[in-house]
Amino acid sequence: MRVASAPLFTDGQPVAVSDLMDLPGGLIAYANVTTNMTGITTIAPLTGFSLTFTPQPRRILRISIRIHVSKTAASSSDAWVTQLVKDGIPADTWHTLYGYTGVPESTTVQTLDINPTSVSHTYTVQGGSIGSTGTYASNYAGTVIGRFTIEDIGPMFV
Amino acid sequence: MATRTQPTWFLGYDITDTDLNGLPGGAIAHNEVVASQASITTSVALTGYSLTITPPASRILKISFCIFTTIGTLTTNDSMTIALQKDGSQIDAWAVSHHVASGGATCRGFALDINPTNASHTYALFGSRGIGTATYGTGSAFIFIVPGFILIEDVGPSF
């Protein structure tokens, strides 16, 4: 467990640069995804879910993903896998069970990247079937869109 | 894709209002919901899941929620829709399926509102039957407590 003390400012206190750096930086990258994919079987990159940026040093990032996917071909004992990839290497994985064929369901997941190096990083999302032979498709339409966000939620602490 | 370059500060740097405005404002509205709601078929406002705010200009808002949804009689290929409306118009929606009769399923989600106008806005969640013929509900259906929430955060300046 890691616990940090949040800063509290007092009236008349001069604000220093270090005070600002103790605060969260907020949203620093996002993508809204409307491109649909079909015939997704094995795990593959999801179009549009890609963010490249250079974080400040010694920060904690919160990465949020929202997808809208349906199973288009029934398969028993099947699971959809959502996977976050950082610089080409899988960094986190989530499983979703789809009970019905042809019924889109929304999946929202989050993870942290603690103290990434202050160089350019590319975060992508991939997805697909695991455990059987199911086929999937994304179902974005109208106001229903995929989302991929990265927030600076504060300084790294130990 | 949209990205924002964060400022680089150094010792002795003179902090300006621009620096402070470049930071997130944090949570600006929230509500915890413990009431249950039943008999949801056609689109209906979900009690307690409504927030009215006047955001500052040129900001990005993140709207997050978590709802415990329930179903009565299970139907084949059922799906419940949770829609987010802003000032009466839908701006996002989520689908959740139930796989057990009289069971529950948690629906959580988030949306962004990029650069809303500096005027009063009402964000509200609506529930409805999506696919199938089932009747839905929200809130605790069992003996444990499952409060829901809706939260609006100012996550920083728009870009």
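A note on names: the letters A, B, ... follow the listed sequences, proteins ahead of strands, and every chain is numbered from 1.
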| Which atoms of A/Ser18 approach chain B - backbone, side chain, both or neither, heavy atom under 4.5 Å | neither
| Region of A/Val109 in contact with chain B, defined by heavy-atom distances below 4.5 Å | backbone
| remark: Of all heavy-atom pairs linking A/Pro24 and B/Leu23, the shortest is O-CD2, 3.6 Å
| Nearest-0.5 Å distance that lies between atom OG1 in A/Thr108 and atom CZ in B/Phe65 | 7.0 Å
| note | Assert top hit (heavy-atom pairs under 4.5 Å, partner chain B, pool A/Val15, A/Leu51, A/Leu20) equals A/Leu20
| note | B/Phe159 and A/Tyr30 have their tightest heavy-atom pair at O-OH, 3.0 Å
| field | Linked, directly or transitively: B/Leu151 and B/Phe68 (ILVMFWY side chains, under 4.5 Å) | value | no
| task | Against chain B, label A/Gln56 side chain, backbone, both or neither, depending on which of its atoms sit under 4.5 Å from a heavy atom there. | result | both
| field | Heavy atoms of other groups near A/His95 NE2, more than 12 under 6.0 Å | value | yes
| task | Below 4.5 Å from any heavy atom of chain A, which atoms of B/Asp14 appear? Answer side chain, backbone, both or neither. | result | neither
| field | Contacting region of A/Asp152 [heavy-atom separation from chain B under 4.5 Å] | value | side chain
| query | So which of A/Ile28, A/Ile153, A/Val144 has the biggest tally of heavy-atom pairs under 4.5 Å with chain B? | reply | A/Ile28
| request: Please flag which part of A/Arg59 lies under 4.5 Å from any non-hydrogen atom of chain B: side chain, backbone, both or neither. | output: neither
| What part of B/Leu112 gets closer than 4.5 Å to chain A, counting heavy atoms only: side chain, backbone, both or neither? | both
| task | Examine B/Val96 and B/Tyr49 and state if one hydrophobic cluster contains both, with Ile, Leu, Val, Met, Phe, Trp and Tyr joined whenever side-chain heavy atoms are less than 4.5 Å apart. | result | yes
| query | So which part of B/Leu84 gets closer than 4.5 Å to some heavy atom of chain A, the side chain, the backbone, both or neither? | reply | neither
| said: Do A/Tyr136 and A/Ile65 sit in one hydrophobic cluster, given that two such residues count as connected whenever their side-chain heavy atoms are within less than 4.5 Å of each other, even indirectly? | reply: yes
| said: Do A/Leu97 and B/Ile71 land in one hydrophobic cluster if side-chain heavy atoms of ILVMFWY residues count as linked below 4.5 Å? | reply: no
| task | Taking the side chain as every heavy atom from C-beta outward, state whether A/Tyr100 and B/His99 have any atom pair closer than 4.5 Å. | result | yes
| remark: Rounded to the nearest 0.5 Å, the OG1 atom of A/Thr122 sits from the CE atom of B/Met1 at a distance of 8.0 Å
| task | List the atom of B/Gln90, the atom of A/Thr143, and the distance in Å for their closest heavy-atom pair. | result | NE2-OG1, 2.8 Å
| message | Is there a path of hydrophobic side-chain contacts, each under 4.5 Å between heavy atoms, that joins B/Phe149 and B/Tyr123? | response | no
| note | Answer key: most heavy-atom pairs under 4.5 Å with chain A among B/Ile15, B/Asp19, B/Asp154, B/Thr5 is B/Ile15
| said: I'd like to know if the side chain of B/Thr3 and the backbone of A/Ala29 have a donor-acceptor N/O pair within less than 3.5 Å. | reply: no
| field | Flag if over 12 foreign heavy atoms under 6.0 Å of CE, A/Met37 | value | yes
| Most heavy-atom pairs under 4.5 angstrom with chain B, which of A/Thr107, A/Val17, A/Thr149? | A/Val17
| query | Non-hydrogen atoms of chain B under 4.5 Å away: do they reach the side chain of A/Ile67, the backbone, both or neither? | reply | neither
| message | If you define the side chain from C-beta out and look only at heavy atoms, does anything of B/Pro24 sit under 4.5 Å from A/Glu151? | response | no
| note | What one should report as the nearest heavy-atom pair of A/Pro104 and B/Ala95 is O-CB, 3.3 Å
| field | Engaged part of B/Ile60 at the chain A interface, taking heavy atoms whose separation is under 4.5 Å | value | side chain
| field | Contact leader toward chain B among A/Asn32, A/Thr52, A/Val33, where contacts are heavy-atom pairs under 4.5 Å | value | A/Thr52
| task | Working to the nearest 0.5 Å, report the span between CG of A/Leu23 and CG of B/Leu20. | result | 8.5 Å
| note | Heavy-atom nearest pair, B/Asp92 first then A/Arg66, reads OD1-NH1, 3.0 Å
| query | Heavy-atom distance under 4.5 Å to chain A: side chain of B/Thr81, backbone, both or neither? | reply | neither
| query | Donor-acceptor pair, A/Arg147 side chain versus B/Ala111 backbone, under 3.5 Å? | reply | no
| field | Contact summary for A/Gly25 and B/Gln6, nearest pair of heavy atoms | value | CA-NE2, 3.8 Å
